[in-house]
Amino acid sequence: MADLSNLAGLGSEPSGEIDSSASSANNRSLRLAEKERRKGEADPFGLAVKYLSQVEAGTVVRGNDELERNMVVVETVALSKGLPPEVITVLLDLALSLNAGTANCTRVLKFLIPATVVPQEAIVKGVSWLCVGKMPMNAQVLFVRWVLTVFDLIDCKDNLRSIYGFIFSFVTEENLCPFICHLLYLLTMREHVHPYRVRKLLDIQAKMGRQPFLTQLLALYKVYCPDLVTLSLPSRVRTGFKNHNSTWKVALSAVQRKNKGAVLVDQSLSLDVKEKPSTRKRKLHHLAIPPLSSAFDSNSNKKVFRLQELRSFKELLENIHNIELPAQMGSLLGSALALHYLDCVQDESASLRLNFWLGHSLQEELLLCPVDGSSDNTSEACRFLSTILFSQQFLQEGFSSTESFLYKFLSVWDGCLLRPQILDLLSDIPLMPSFYMHKLLFEPLKQLYFISTVFFKCSVIECLNSMLVKWLTWHSVSALEGGLDISLNSNSAMTMTLSGFMDSVMELVRFVGLLASEGLRLENCHVLLLNQTLAFYETVCDMFLKYSLPLIIMPPAGVFYPALFATDSVSVDRLGYIMYRYRKNLTLAKKQEQQREQTFHISRNTYKEFNRNLQAMVNSMWNSWWSIPGSDIEIDKDLIALSKVAEPWCRFDLIHHPALFSYAIEFHQRIGKYWNWYMEFLFNQGFDGLNNFIRTNTGHSSGLSSQDDRQPTS
């Protein structure tokens with residue numbers, strides 16, 4: 001038995017060693033698994049991306065908990081922080097290859113939110129998946145929409161432009177056509193325009209009808225090669241590309257707020273940009289002027305002089321024929337050198353691209369995503385609009401996209417938000433036919449005007465005065481060049497005849513007359529509103545002499561009489577100047593009519609209105625007959641008697657007028673009672689308007705003549 005036990009003992013030793021080594025191996029595996037588990041817990045996102053990058057075709061999707069778990073991890077990070085470029089490439093390949101199924105393809109595209117930039121190679125590979133033709137149509141549309149949304153975040157676009165032909169081939173797909181045309185519009189350069197592509201677009205238009213997206217792309221082709229596109233296109237094409245980024249807009253905005261602003265490429269490349277993009281958290285992530293950056297890769301063989309490399313105007317002149325437009329046309333705004341280039345080359349394609357970018361930014365960020373009133377958002381929008389104003393004033397011309405935005409914005413504007421910038425932009429609106437003015441401009445302004453404060457009313461009158469001055473200056477330049485037709489915009493073929501121009505100016509002046517008359521009545525002839533109104537009519541009264549426009553329009557009674565009987569001397573003096581200039585303009589117009597030197601004639605009613613106003617002003621201020629029977633200001637005698645005012649007929653002459661009475665008292669106390677001396681004293685106070693009016697219409701000389709003329713004052 002002992003031997004057997006010994007044998008058993010000897011036999012058990014090797015078994016113990018085997019169990020021990022197996023146990024050791026198992027423990028090591030457990031430790032490694034635990035280590036991997038802890039590593040996974042520390043970086044679940046990295047593990048999830050690694051797993052998704054290894055998903056192959058034919059993977060079971062339904063009921064695959066591991067796939068679902070990793071998708072949720074990546075989706076959560078994407079919607080909260082955004083995805084880095086390398087992850088964008090992995091996920092886009094996973095989605096478009098359909099390795100994870102059709103449902104997951106759509107799901108991945110919807111949470112594909114970039115944290116910084118999008119690598120162009122990922123887009124190029126995505127287009128290659130489109131060419132394979134495996135994806136369902138809804139996934140193809142979603143992919144192209146995503147590309148349009150992140151287009152400004154693509155790091156470079158030269159390789160994308162090199163596959164322009166592959167992208168163009170999809171215009172024949174009816175569902176894809178609107179989105180492909182939009183993408184082609186953003187990518188098109190002169191070398192991409194070929195006859196066969198123009199013919200293809202025209203064939204599609206013949207089948208689908210004149211669609212806005214086709215018209216926009218053909219208009220761009222016509223800019224580059226007008227000989228290839230013989231089709232007549234409207235001079236003002238409405239926006240042909242709709243907003244396609246609603247799926248990603250909220251998430252992209254939230255990610256960029258968390259990342260402290262929109263991250264753009266080549267932040268170090270700047271060129272005298274007036275307003276640098278703010279790095280603060282913001283809601284309106286598109287309302288920033290992007291920095292200048294090239295449309296081509298820095299390693300590209302294309303020999304161009306990049307706009308951001310310019311440092312002086314001399315460099316601009318030396319390289320003007322080799323300069324390449326930037327990747328984002330909005331970067332031209334606010335940069336003096338870039339605007340010099342835009343003005344010098346007169347490149348219509350550059351204007352189209354800039355207006356497209358600007359219109360999209362204004363539409364999406366101020367109309368569809370209005371400023372919420374917080375100081376950060378308001379100040380950002382203010383800076384953005386101020387940069388547009390600077391650019392328009394530099395170019396001495398407004399942008400058509402800004403004009404379209406303003407017409408839409410006026411219908412929802414409360415009159416307070418960004419008021420100075422909006423009114424300044426309104427004053428830059430170019431001339432338009434009169435039948436558009438009422439609906440687009442007058443009606444929205446009228447509704448705001450009558451419910452707003454007196455200061456808003458003053459601002460509106462000042463804005464319309466500035467608009468009128470710009471229109472008249474525009475006309476005077478056209479008149480000097482000898483053209484009867486006036487171009488409405490340097491980038492537009494639309495013109496207007498002189499009679500059409502006069503109709504528009506007449507409508508504007510009459511509209512301001514209506515606003516001013518009612519405004520003065522509502523505000524009890526507020527002195528600020530009255531002076532802004534008189535400043536407007538200082539422009540109107542000189543349209544013939546100063547701006548060569550054969551049109552004279554008198555102020556309505558609701559403006560003339562409040563100014564005549566105003567209690568402040570400045571308003572009375574300005575009215576005197578206005579009447580003096582009206583007389584000068586009408587006298588010259590009458591003389592030219594008699595000599596048959598002009599085609600257009602001033603209406604007889606205009607002369608009658610002027611004579612009636614002149615008679616009222618001379619009689620009240622000079623002849624002391626302020627209430628004349630049959631005139632506009634006739635008052636019943638019994639009513640005057642009830643007022644118990646002594647000598648009411650002379651209450652508004654040069655001595656007793658409420659605006660001048662203090663000067664008469666001062667003269668009487670300091671100097672004496674002689675009429676000529678009083679007139680000399682009055683005109684030495686700076687009343688040049690009254691001086692010219694009285695000297696012209698009464699024959700009175702302001703200088704002292706002789707002792708015999710010393711008639712005592714009342």
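Note that this is a predicted model, so its numbers are computed, not measured.
In this structure a side-chain-to-backbone donor-acceptor pair under 3.5 Å is present from N355 to S400. For N691 (side chain) and F687 (main-chain N/O), no donor-acceptor pair under 3.5 Å exists by modelled atom type. In this structure, the side chain of W471 engages the main chain of I429 through a donor-acceptor pair within 3.5 Å. Although no hydrogens or angles enter the test, the distance criterion places a donor-acceptor pair under 3.5 Å between the side chain of H475 and the main chain of S548. Judged by distance alone, the side chain of N611 and the main-chain N or O of Y607 form a donor-acceptor pair under 3.5 Å.
Listed by chain and number, the residues in a side chain to side chain contact (heavy atoms under 4.5 Å, CB included) with A350 are L325, M329, L342, D347 (sequence neighbours excluded). Every residue two or more places apart in sequence or in another chain that forms a salt bridge (charged side-chain N to carboxylate O under 4.0 Å, His left out) with K446 is listed here: E443. Qualifying side chain to side chain contact (heavy atoms under 4.5 Å, CB included) partners for S411, counting only residues two or more places apart in sequence or in other chains: none. Remark: R521 pairs with E518 by the salt bridge (charged side-chain N to carboxylate O under 4.0 Å, His left out) rule, at least two apart or across chains. Among residues two or more places apart in sequence or in another chain, the ring-ring contact (aromatic ring centres under 6.0 Å, His included) test is passed with F405 by F409. Partners of F610 according to the ring-ring contact (aromatic ring centres under 6.0 Å, His included) rule, which considers only residues two or more places apart in sequence or in another chain, do not exist here.
Looking at heavy atoms from C-beta onward, Y582 lies in side-chain contact with V540 at the 4.5 angstrom threshold. Contact of the F544 side chain with the Q592 side chain is registered, since non-hydrogen atoms from C-beta on lie closer than 4.5 Å. Side-chain contact between L425 and Q392 is present, with at least one heavy-atom pair separated by less than 4.5 Å. Considering only heavy atoms from C-beta on, L448 comes within 4.5 Å of F456 through its side chain. Annotation: side chain of I602 is not in contact with side chain of N585 (no heavy-atom distance under 4.5 Å). The shortest side-chain heavy-atom distance between L445 and L515 does not fall under the 4.5 Å cut-off. The shortest side-chain heavy-atom distance between F693 and N697 falls under the 4.5 Å cut-off. Annotation: side chain of L423 is not in contact with side chain of S466 (no heavy-atom distance under 4.5 Å).
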| field | Steps toward side chain to side chain contact (heavy atoms under 4.5 Å, CB included) verdict (F151, L183) | value | CA-CA 9 Å; F151 186 83; L183 183 57; 4.1 Å; yes
| query | After noting the C-alpha distance and the side-chain angles of C382 and S386, does the key distance pass the side chain to side chain contact (heavy atoms under 4.5 Å, CB included) rule? | reply | CA-CA 6 Å; C382 177; S386 297; 4.1 Å; yes
| request: Test side chain to side chain contact (heavy atoms under 4.5 Å, CB included) on F560 and M554 and set out the steps. | output: CA-CA 9 Å; F560 177 78; M554 298 301 299; over 6 Å; no
| task | Start with the C-alpha distance between R210 and Q205, add both sets of side-chain angles, then the distance that settles side chain to side chain contact (heavy atoms under 4.5 Å, CB included), and finish with yes or no. | result | CA-CA 6 Å; R210 181 166 285 194; Q205 189 176 58; 3.8 Å; yes
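Here the CE atom belonging to M579 is positioned 6.5 Å from the CG atom belonging to L575, to the nearest 0.5 angstrom. How far CG of L614 is from CG of N619: 9.0 Å, rounded to the nearest 0.5 Å. Atom CG of L468 and atom CE of M543 lie 6.5 Å apart (nearest 0.5 Å). Taking OG of S401 as the reference point, atom CD of Q363 lies at 11.0 Å (rounded to 0.5 Å). A distance of 10.5 Å separates CD of Q393 from CG of L395, quoted to the nearest 0.5 Å. Distance check: K608 NZ to N613 CG gives 14.5 Å after rounding to the nearest 0.5 Å.
Of all heavy-atom pairs between S361 and F384, the closest is CB-CZ, 4.1 Å. Here the shortest heavy-atom pairing between L564 and V572 reads O-CG2, 4.2 Å. The two residues I461 and Q532 come nearest to each other via the heavy atoms CG2-O, 3.6 Å. Nearest heavy-atom pair across C541 and I578 is CB-O, 4.0 Å. Considering all non-hydrogen atoms of both residues, V559 and S517 come closest at CG2-OG, 3.8 Å. A557 and P562 get closest at one heavy-atom pair: O-CD, 3.5 Å.
Counting only residues at least two apart or on different chains, the side chain to side chain donor-acceptor pair (under 3.5 Å) pairs with a member in residues 416-427 are S427-K470. Applying the salt bridge (Lys or Arg N to Asp or Glu O under 4.0 Å) test to residues at least two apart or on different chains, the pairs with a partner in residues 564-575 are E538-R574. Here salt bridge (Lys or Arg N to Asp or Glu O under 4.0 Å) pairs that include residues 542-556, with residues two or more places apart or in two chains, are D542-R581. Residue pairs that meet the ring-ring contact (aromatic ring centres under 6.0 Å, His included) test with at least one member in residues 518-541, sequence neighbours left out, do not exist here. The ring-ring contact (aromatic ring centres under 6.0 Å, His included) analysis of residues 336-355, with sequence neighbours excluded, yields the pairs F313-H340, H340-F394.
Using cut-offs of 30° and 60° for the angle between ring planes, the F565 and Y561 rings count as parallel.
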Side-chain donor-acceptor distances from residues 500-512 under 3.5 Å, at least two apart:
| from | atom 1 | to | atom 2 | distance (Å) |
| --- | --- | --- | --- | --- |
| S504 | OG | M432 | O | 2.7 |
| S504 | OG | S434 | N | 3.4 |
| S504 | OG | G500 | O | 3.3 |
| E507 | OE1 | H438 | NE2 | 2.9 |

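Enclosure of atom CZ in F455 is not indicated, since only 12 or fewer non-hydrogen atoms of other residues, nucleotides or ligands lie within 6.0 angstrom.
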